[in-house]
Novice: 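Before I ask anything, here is the structure I am working with.
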Protein chains: 2
Amino acid sequence: MSGTSDLWEPPEIQVAVDIVILTMRASVFHVLLIERGEEPQAGTQALPGGFLNNKWEGIYDAALRELKEEADLDASGLHVEQLAAYGEPGRDPRGRVLSVAYMAIAPGLPEPSAGTDASDAAWVPVEDVLSGKVSLAFDHRQIVRDAVERARSKLERTSLALAFCGRTFTLTELQHVYEGVWGCSLDPRNFYRKVQNIPGFVEPAGSVRRMAAGRPARLFRAGGGTVLYPPMVRPVPTES
Amino acid sequence: MSGTSDLWEPPEIQVAVDIVILTMRASVFHVLLIERGEEPQAGTQALPGGFLNNKWEGIYDAALRELKEEADLDASGLHVEQLAAYGEPGRDPRGRVLSVAYMAIAPGLPEPSAGTDASDAAWVPVEDVLSGKVSLAFDHRQIVRDAVERARSKLERTSLALAFCGRTFTLTELQHVYEGVWGCSLDPRNFYRKVQNIPGFVEPAGSVRRMAAGRPARLFRAGGGTVLYPPMVRPVPTES
DNA sequence: TCAATAGTGTCTATGAGACAATATAAC
DNA sequence: GTTATATTGTCTCATAGACACTATTGA
């Protein structure tokens, strides 16, 4: 900081949060998008998010607030972690905005947010966003890409996949999480063996779940561990 | 954003960057720290960094500028990637400051920054920071922890380890990178085989490097690939 | 019965980890 | 020669991946 005057004051910048909410619906990997009601880019799809309410609101708190306001989701029971900051000048036409992106994982099937405050929210297949079939406002597509890559990576070494499931789940359900996020298909029988060989990952919950057809599936619950060893390895290297 | 007045303006916040510069010196994993010359916390060690110069400076650009100003390192040839944003209120006694942290990997042995602008910079063993033997200003210890965990993780599936090496390197040198970052020891003979079995990771550079004693080591260069498959797996699960 | 899904067992190729043995330098 | 480091080879065990087979439900 040499050469700066004693009177120099650091510049101040508007700070926002954006949230990538991921879930599994009918075995398909989805992200929650909002139709923007205001300019700029009114009418296009965007991630839920917004500016800090006031100068002293915590960024994590702001993320939880937006989660509630825009997606009608309660933070408890959701996995929420920070992704990165997106703050290059020019990313927002309104001016200099630095946005801190969060990734949230929602279990089960939170219905597409009924007639609530978040009625213009919709679950969109992640694939449609990555492929460009659905276009997003600002740099939100890149943010989704980063979130998906983060999720793909964490599925290997952490029990993050369980955040996509309810308190109890079947191994087939868990398999669909891995398949949906990784974008590949796995052998159910090998998956079975592999998952149960990782200490602390899942443990039997004692009961079963009846499906429309076929043998009922045993229910499992989280085994308490967060680090998977040995790790689950993706069969095909996914490009970053 | 319902219920907000049309006149409402988003709050503005001071934005800074902090850089975790990692390197390998004499087979020991080091981080670059600066002795703070100004209040608050003058005299304690801290990560190089500082506020944006002006409202329109890019955060990545600011990180590169601080890299040059405070550590006298040139960005070219350095691996620089963003880590995360640290912006909870209360983390900086000066007021509300949001800091975007970057991780930089430096190869070889950039001397501890001679009599330059960055004369109060010093390489400190990462272990001393993690263990608390050296205490850091603000939440910088947490930032270093996060950077180390990021590096440990990326060593598994990407060729990031090569960023710690020069243009050519021996496999023993590469092994020391893995050992230093992961904090474990590896069998040289198995490491040899494993590294060379990963397509696109390393390739022979044709020449050798003579050591003080023993058989000269073959030199290698980067193989061009960035994703490692099969991945290098850590022998012991390191807690986050 | 059949259709459908859950779960077990088995085989084989590959990689991990341990470690003996050899190669090539300085002295 | 000795010492030190690099590199190759070998052995054994565990895991991945392929896939036949059995189990348990609803219709």
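Below, chains carry the letters A, B, ... as their sequence lines are ordered, and counting in each starts from 1. Note: hydrogens, waters and symmetry copies are ignored here, and every other heavy atom, side chains too, is used.
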Novice: Here's a test of your reading of the structure: between B/M232 and B/D187, which maps to the more 5' nucleotide of DNA chain C?
Specialist: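 That would be B/M232.
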Novice: Mind checking if B/T170 touches a base, just sugar-phosphate, or nothing, with heavy atoms under 4.0 Å?
Specialist: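 The residue B/T170 makes no contact with any strand.
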Novice: Could you state the atom-to-atom distance from CZ of B/R189 to C1' of D/dT10 in whole Å?
Specialist: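 Interatomic distance, CZ of B/R189 to C1' of D/dT10: 11 Å.
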Novice: Strictly by modelled atom types, are A/Q142 and A/H140 linked by a side-chain donor-acceptor pair under 3.5 Å?
Specialist: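 Distance-only check fails for A/Q142 and A/H140.
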Novice: Indicate yes or no for a side-chain donor-acceptor contact from B/S159 to the backbone of B/G225 under 3.5 Å, with no hydrogens or angles considered.
Specialist: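 Yes, B/S159 side chain to B/G225 backbone: donor-acceptor pair under 3.5 Å.
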Novice: Distance check needed: C/dA16 P versus B/Q175 CD, whole Å only.
Specialist: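 Spelled out: CD on B/Q175 to P on C/dA16 is 14 Å.
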Novice: Indicate yes or no for a side-chain donor-acceptor contact from A/R150 to the backbone of A/L83 under 3.5 Å, with no hydrogens or angles considered.
Specialist: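 Yes; judged by distance alone, with no hydrogens or angles, the pair exists.
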Novice: Strictly distance-based, threshold 3.5 Å: is any side-chain N or O of B/S153 a donor or acceptor partner for the main-chain N or O of B/E149?
Specialist: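 No, B/S153 side chain to B/E149 backbone: no donor-acceptor pair under 3.5 Å.
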Novice: Check the distance between C/dC2's P and A/R215's CZ and give it to me in whole angstrom.
Specialist: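 Taking CZ of A/R215 and P of C/dC2, I get 20 Å after rounding.
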Novice: When you compare the protein's N or O atoms with those of nucleotides 12-16 of chain D, which come within less than 3.5 Å of each other, and at what distance?
Specialist:
none

Novice: Using only modelled atom types and a 3.5 angstrom limit, is any donor from either the side chain of A/R210 or the base of C/dA6 paired with an acceptor on the other?
Specialist: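 Side chain to base: no pair below 3.5 Å.
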Novice: Can you tell me whether the side chain of A/R209 and the base of C/dA6 have a donor-acceptor pair closer than 3.5 Å?
Specialist: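 Side chain to base: no pair below 3.5 Å.
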Novice: Using atom CZ of B/F191 as one end and atom P of C/dG15 as the other, report the distance to the nearest whole Å.
Specialist: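 These atoms are roughly 17 Å apart.
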Novice: What is the separation between atom CZ on B/R234 and atom P on C/dA16, rounded to the nearest whole Å?
Specialist: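 That distance rounds to 16 Å.
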Novice: What is the separation between atom CD on A/E173 and atom C1' on C/dT5, rounded to the nearest whole Å?
Specialist: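 Going from CD in A/E173 over to C1' in C/dT5 covers 14 Å.
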Novice: State whether the number of non-hydrogen atoms from other residues, nucleotides or ligands found under 6.0 Å of B/R209 atom CZ is greater than 12.
Specialist: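 Atom CZ in B/R209 is packed in, count exceeds 12.
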Novice: Return the value, rounded to whole Å, for the distance between atom OH of A/Y229 and atom C1' of C/dA16.
Specialist: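 Value for this atom pair: 9 Å.
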Novice: For a side chain to side chain contact (heavy atoms under 4.5 Å, CB included) with B/L22, tell me which candidate from B/V144, B/I105, B/V181 qualifies.
Specialist: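 With B/L22 as partner, B/V144, B/I105, B/V181 yield a single side chain to side chain contact (heavy atoms under 4.5 Å, CB included), made by B/I105.
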Novice: Measure the distance from CG on B/L186 to P on C/dG17 and round it to the nearest whole Å.
Specialist: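 In whole Å, C/dG17 P and B/L186 CG are 9 Å from each other.
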Novice: Classify the side-chain pair B/D146/B/Y86 by whether it contains a donor and acceptor separated by less than 3.5 Å.
Specialist: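 Present: a donor and an acceptor within the cut-off.
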Novice: If you assign B/F220 and B/G214 each to the DNA chain D nucleotide with the nearest heavy atom, which residue ends up on the more 5' nucleotide?
Specialist: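 The 5'-side residue here is B/G214.
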